[in-house]
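Below, chains carry the letters A, B, ... as their sequence lines are ordered, and counting in each starts from 1. Just so it is clear, the values below take in all heavy atoms, side chains as well, and ignore hydrogens, waters and symmetry mates. The model shown is predicted, which means the values in this text are computed figures rather than measured ones.
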There are 4 protein chains.
Amino acid sequence: MARAKSPEKRQAFLQSAVREIAQVGLGASTANIAKGAGLAEGTMFTYFSSKDDLLNELYVELKTETYRRILADFPHQSGLRERARHIWTEYLRWAMEKPEERKVSVLLNLSAVVSAATRERMNAERGAVAKAMVELSKRGAFKALPPGFASSAMMAMQEAVMEMAAKKPRQKVLLIEQAFDAFWQMAK
Amino acid sequence: MARAKSPEKRQAFLQSAVREIAQVGLGASTANIAKGAGLAEGTMFTYFSSKDDLLNELYVELKTETYRRILADFPHQSGLRERARHIWTEYLRWAMEKPEERKVSVLLNLSAVVSAATRERMNAERGAVAKAMVELSKRGAFKALPPGFASSAMMAMQEAVMEMAAKKPRQKVLLIEQAFDAFWQMAK
Amino acid sequence: MARAKSPEKRQAFLQSAVREIAQVGLGASTANIAKGAGLAEGTMFTYFSSKDDLLNELYVELKTETYRRILADFPHQSGLRERARHIWTEYLRWAMEKPEERKVSVLLNLSAVVSAATRERMNAERGAVAKAMVELSKRGAFKALPPGFASSAMMAMQEAVMEMAAKKPRQKVLLIEQAFDAFWQMAK
Amino acid sequence: MARAKSPEKRQAFLQSAVREIAQVGLGASTANIAKGAGLAEGTMFTYFSSKDDLLNELYVELKTETYRRILADFPHQSGLRERARHIWTEYLRWAMEKPEERKVSVLLNLSAVVSAATRERMNAERGAVAKAMVELSKRGAFKALPPGFASSAMMAMQEAVMEMAAKKPRQKVLLIEQAFDAFWQMAK
DNA sequence: GATGAATGAGGTTTCATTCAT
DNA sequence: TATGAATGAAACCTCATTCAT
């Protein structure tokens, strides 16, 4: 048989795509992505049928990695506050460790290239996170608001933290904690 | 050279740019923007020296319009809660009335085409909004967090409201109010 | 107003296309066609929306020119033999004067890029030629065959003449005449 | 290097090439040809040194098959009319049974990929057919025309029959016969 | 000033061919 | 021998920008 398709090369393309897109947006050229991966442009198309396909797969990869991190040591048995704090903290740690990944994730979320099917697929993976969010939406000020709002609010507040952290990188850890306390005011 | 004869034509380009960019992203072509404005491609370059220039001017225009709305009936004499509620409500009304404008605003914010100089320029225009935000950052849970956080948090929470409103358009007015109450929990 | 679209440039593209396609087939590249026309590749796309469009327009141009030649001094009042001879002769003269045009015409006829709509459009232009062919199909050996056969047979025999003429260029004129006599045997 | 192990695989490539080329022209990709053959892309190049080589071999194959059919029950002892009729009929039967083969044959004939050497080689195989054609060219209206004309004319007229038959598939058998009578008018 | 034709660099993708397995 | 991943040169086409009119 011939050479097998190498997972390393696939990853090289995805990682290069993250770097390029973080720098220049979704308009990053396939030529540059391939060059950044140290592979030929044509090779990219044996791993991804089109640039759109690459982008969709990248979206899946990034979301999956995020959920993987959050669900790794998830405190299923703890109270809601603890579980919410875990989600809050793990997501922010990932986002701060991998700012390019996060930026690309945001861009992909906003763009039309990620198909509804792909989004649907990822929504199904949320598991314990979704459960905690449902509980959260029945508490405090969230009670009066539509069910999905608590989840959107948490994500939005995390955005605010990210933005802040970019300006004050030294205080990251404390910032994450104290911002959670602020967020939790809404759920009390 | 930018800023030429007819202000109407300038506006036509900016409005067409909003429509096109809302649909296809910042990659919208100058040809389509001009066509949408009912004017010639070349004409665009007598009003804006380059596409990047157009984008920067558009950013200014959108931000200016937002602040204009917020500052129009600003309750300078009222208490902080009332002023914060005004900012909250007016921004959300604008955003909901002009979803394309808002989407483009978000895209421009994320993109590298808007220069640091342009961003700086707009920050200076915030006036009474900035003042209210400073006060806000000294209250409640925001006290423990860096100065700019309250402002970021408000914007972030507004994002969450927008997202929600897109799904439940009927409940907009109530949603705006109740979400403000949730937000205010953090400032109490 | 801006520069008008120049018919000369349009013709330059079509003529270059004829030369290129005659040499390398319908796979002739847009880059080479443009280069051959002494114009930029991008310019081609202001005259033709795509390569397929160029090919369709070329087909129309070639067919139109052929019919124009044939119908120019058409002996409408003469007997069938005379009219048939005119069609025979004029077509062959054109084809021999413009061997590249003819070759491209044949290639386009065989290919799928020429749309049914385009073919239909050209069929409508045949006028006096079609009338003569109908008459011919009711004579001699053609009587026993389906209506369109006489026309196909004439075109086919002309092909044979072309092929021969390519090998014996000196005897063209005589060849055309004597081959018509052979063809006419079938109609007697 | 061409001509390797399995004749079955070689045939699979050639047959797949016929199918693909009949559909999309000589631009048919080696990838699709290989896929259609149920074999790997690379394998093709152990049987044929290049795509051009494949095309040349295909040309040889198709011509050989045609002559094989015609020469199989060739009535060497019969009069010219009978022999001409045999060539006429057998060729048309083959062409109608194998429309894809015929279409590919035509495309290859027109294209520059078939080398002069290959064409020469096949001309040598015509044997009894060539002999009949020489006799034919000395008769009737063909007498006045160059030697090769009778042969070209027969092939051309067969084209016309094919075209007709495609439109009236029911009358094939009769069409072949009556068209031969028309053709023979020129030889009488 | 207004127009849109002209431009050529650069975009995504296909393809014949090579070569590691 | 058979495979199909790897390659990079081209393919078609789009685009921001210039400039003749």
Any side-chain N or O of [X] below 4.0 angstrom from OP1/OP2 of [N]?
{"X": "A:T30", "N": "E:dT12", "result": "yes"}
{"X": "C:Y47", "N": "E:dA6", "result": "yes"}
{"X": "B:T43", "N": "E:dT3", "result": "yes"}
{"X": "C:T46", "N": "E:dA6", "result": "yes"}

Pick the nucleotide of DNA chain F nearest each of C:D52 and A:K5; which residue has the one closer to the 5' end? A:K5
Both A:K9 and C:G42 contact DNA chain F. Taking the nearest nucleotide for each, which residue is further toward the 5' end? A:K9
Between [options], which nucleotide gets closest to the side-chain atoms of [X]?
{"X": "A:K51", "options": "E:dT12, E:dG4, F:dA5", "answer": "E:dT12"}
{"X": "C:A40", "options": "E:dG8, E:dT3, E:dT12", "answer": "E:dG8"}
{"X": "C:S29", "options": "F:dA11, F:dA6, F:dA20", "answer": "F:dA11"}
{"X": "B:E41", "options": "E:dG4, F:dC12, E:dT3", "answer": "E:dG4"}

Heavy-atom closest pair, residues [X] and [Y]:
{"X": "A:L26", "Y": "A:S111", "value": "CD1-CB, 3.3 Å"}
{"X": "D:V18", "Y": "D:V104", "value": "O-CG2, 3.5 Å"}
{"X": "A:L54", "Y": "A:A17", "value": "CD2-CB, 4.3 Å"}

Between [N] ([atom2]) and [X] ([atom1]): distance, integer Å:
{"X": "A:R3", "N": "E:dA20", "atom1": "CZ", "atom2": "P", "answer": "7 Å"}
{"X": "B:K35", "N": "F:dT14", "atom1": "NZ", "atom2": "C1'", "answer": "13 Å"}
{"X": "A:M44", "N": "F:dG8", "atom1": "CE", "atom2": "C1'", "answer": "14 Å"}
{"X": "A:L54", "N": "E:dT12", "atom1": "CG", "atom2": "C1'", "answer": "12 Å"}
{"X": "B:F48", "N": "F:dT18", "atom1": "CZ", "atom2": "C1'", "answer": "18 Å"}
{"X": "A:D53", "N": "E:dT14", "atom1": "CG", "atom2": "P", "answer": "12 Å"}
{"X": "A:N32", "N": "E:dT13", "atom1": "CG", "atom2": "P", "answer": "15 Å"}
{"X": "B:R10", "N": "E:dG1", "atom1": "CZ", "atom2": "P", "answer": "15 Å"}

Give the intermediate values and the outcome of side chain to side chain contact (heavy atoms under 4.5 Å, CB included) for residues D:V24 and D:N32. CA-CA 11 Å; D:V24 304; D:N32 281 336; over 6 Å; no
Given DNA chain E, 5'-ward residue of the pair A:F45 and D:L26, judged by closest heavy atom: A:F45
Taking the nucleotide of DNA chain E with the nearest heavy atom to each, does C:L39 or A:A28 sit closer to the 5' end?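 Looking at the nearest nucleotide for each, C:L39 comes out on the 5' side.
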Across the strands shown, which category fits A:S6 at heavy-atom distances under 4.0 angstrom: base, sugar-phosphate, nothing? nothing
Partner nucleotide, any strand, of E:dT21 [Watson-Crick/G-U, under 3.5 Å]: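 The base-pairing partner of E:dT21, which may sit in any strand shown, is F:dA2.
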According to the Watson-Crick and G-U wobble definitions, with both distances under 3.5 Å, which nucleotide is paired to F:dT7?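 When the pairing criteria are applied, E:dA16 turns out to be the nucleotide that pairs with F:dT7.
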Any idea how A:F13 and A:Y47 line up, ring-wise: parallel (<30°), tilted (30 to 60°), or perpendicular (>60°)?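 Taking A:Y47 first and then A:F13, their aromatic rings sit tilted (interplane angle of 30° to 60°).
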With side chains defined as the heavy atoms from C-beta onward, is the minimum distance between D:Y59 and D:V113 less than 4.5 Å? no
